A.B. asks: 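Got a structure for you, written out below as structure tokens; questions coming shortly.
Note that this is a predicted model, so its numbers are computed, not measured. Heavy-atom basis, side chains included; hydrogens, waters and symmetry copies ignored.
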Amino acid sequence: MTTLARYFEAMWGLALVPVLTGAIVVLLVATARRRAVRLARMGQSEVVARLVPPTSQRPSRLRLLCLGLAAACATVAFAGPRWGVERTVVRSSGADIVLALDASLSMLAADERPDRLARMKQEARRILASSAGDRVGLIAFAGRSYILAPPTVDHGAVSLFLDNLDPSVVGQAGSSLARTIRQGTELLTLSKSGSDRALVVMSDGESFEPQEDVVAAAERAGSAGVALVLVGFGTANGATIPVATAEGTVPKRDETGAVVITRYTPALLQAAATASRGTFIDAAATDKATRVVRAVATLRRTQGATDSSANRRPRFQLFLLPALLLALADTLLAERRGRRRRGAAAATTAAAASLFLLLLPPAQAGAAPGPGDDLYRSKKYLE
């Protein structure tokens, strides 16, 4: 029984095979008997036999066989038979994209409305909405970088991480573009999907690290086949950085007590784009998300295939189709049984005509007597 259960989704359905088959046979036999009783009440069996086809007076063995087998096959199909090996291959087209977002304190500057961080998150959401079919990952960085979500088609999960992104997620002050590019490149090269890869870095470009490190990381990304897209945020005039304190929100100050002004610095972003032969989108550009999507769209879209585990192939159609054919055959045979053969119909018509003639009244009174009548009255019967 355990071995048999491997080949059926619902083993209990097999127990219904004899039950439903027997019920169909009993119902047909009972129906035929009730019909025979009603026909017997119509008159003598000889007369009824002439008026009603014989197949209507007793259950047809062929019909019992057809409908019984149809019920059995349909019940087996309901049990969900499975055998043979079936491998499901899921194919998708698209690119692997990692969004690396700057979550440093400088992104809280309000030189972009409502601030750099909120504006960057708006553009990132638009990129997600325009990247149907792409696998998107998320990295947050400041002084260090952290992977919040690996490349996935579940954009809802990425959006959830995006909603909660703020400087407290990273915690370490500063902006490390070189480390972020290296981590994003490693994350994308680990993917075995075969699709093209793109790393989108969104930042104000304010980083206190050697330009050589950023250029080296960008060159490594380009040689690994990762398309680098760098997007700037902020203005050259800059703005103060609001900091929440017990007294309220105040501008951030340095060690000397002077108010810190953060400014958009595109030099590192441009250098990284040039080194990797990627794309640089300036902070002054409008509709940044569309430009990013257009840059990613130039990538060659390849089809990635994921081979799932082997499953047993459904075989219910091998039983359902015979059930339908048997039911159709019973319908056609029933119509044929309801038709009388031409010879039988002619014989029945002749018998009815003879009966009609016998029941006709004698010749009407007043008709002129013939010679036969005179011979009959003279008792000359032979003549």
A.B. asks: Answer yes or no: is there a donor N or O on one side and an acceptor on the other, between the side chain of Thr235 and the main chain of Gly238, under 3.5 Å?
C.D. replies: yes
A.B. asks: Between Glu206 and Thr265, does any side-chain donor sit less than 3.5 Å from a side-chain acceptor?
C.D. replies: no
A.B. asks: Between Glu186 and Arg182 (salt bridge meaning N to carboxylate O under 4.0 Å), is one present in this structure?
C.D. replies: no
A.B. asks: Looking at every heavy atom in both Ala323 and Ala70, which two are closest together, and how far apart are they?
C.D. replies: CB-O, 3.4 Å
A.B. asks: Under the criterion side chain to side chain contact (heavy atoms under 4.5 Å, CB included), which of Ser145, Ser203, Pro167, Ser176 is the partner of Asp102?
C.D. replies: Ser203
A.B. asks: Among Thr290, Val292, Leu269, Val200, which residue meets the side chain to side chain contact (heavy atoms under 4.5 Å, CB included) test with Ile281?
C.D. replies: Val292
A.B. asks: Please answer whether the main-chain N or O of Gly234 pairs with a side-chain N or O of Glu112 as donor and acceptor at a distance below 3.5 Å.
C.D. replies: yes
A.B. asks: Side chains of Arg116 and Thr262: do they bring a donor and an acceptor to under 3.5 Å?
C.D. replies: yes
A.B. asks: So, applying side chain to side chain contact (heavy atoms under 4.5 Å, CB included) with Lys252, which one of Thr240, Leu108, Val243 is it?
C.D. replies: Val243
A.B. asks: Under 3.5 Å, is there a donor-acceptor pair between the side chain of Ser130 and the main chain of Ile127?
C.D. replies: no
A.B. asks: Determine whether a donor-acceptor pair (N or O, by modelled atom type, separation under 3.5 Å) exists between the side chain of Arg113 and the backbone of Ala110.
C.D. replies: yes
A.B. asks: So does Trp83 get a backbone contact from the side chain of Arg315, meaning a donor-acceptor N/O pair under 3.5 Å?
C.D. replies: yes
A.B. asks: Salt bridge check, Arg263 against Asp111: does any charged N sit closer than 4.0 Å to a carboxylate O?
C.D. replies: no
A.B. asks: Looking at Lys288 and Val231, would you say the former's side chain and the latter's main chain have a donor-acceptor pair under 3.5 Å?
C.D. replies: no
A.B. asks: I'd like to know if Asp287 pairs up with Arg126 as an ion pair, taking the criterion as any Lys NZ or Arg NE/NH1/NH2 lying under 4.0 Å from an Asp or Glu carboxylate oxygen.
C.D. replies: yes
A.B. asks: Do Asp254 and Thr256 meet the criterion of a side-chain donor-acceptor pair at a distance under 3.5 Å?
C.D. replies: yes
A.B. asks: Sequence neighbours left out, what passes side chain to side chain contact (heavy atoms under 4.5 Å, CB included) with Leu16? Give chain and number order.
C.D. replies: Trp12, Leu20, Thr75
A.B. asks: Using atom types as modelled and distance alone, determine if a side-chain donor or acceptor of Glu209 lies under 3.5 Å from a backbone N or O of Leu177.
C.D. replies: yes
A.B. asks: Got a donor-acceptor contact below 3.5 angstrom from the Asp115 side chain to the Leu117 backbone?
C.D. replies: yes
A.B. asks: Is a side-chain N or O of Asp134 found less than 3.5 angstrom from the main chain of Asp96, in a donor-acceptor match?
C.D. replies: no
A.B. asks: Does Leu160 offer a backbone N or O that forms a donor-acceptor pair with the side chain of Asn164 under 3.5 Å?
C.D. replies: yes
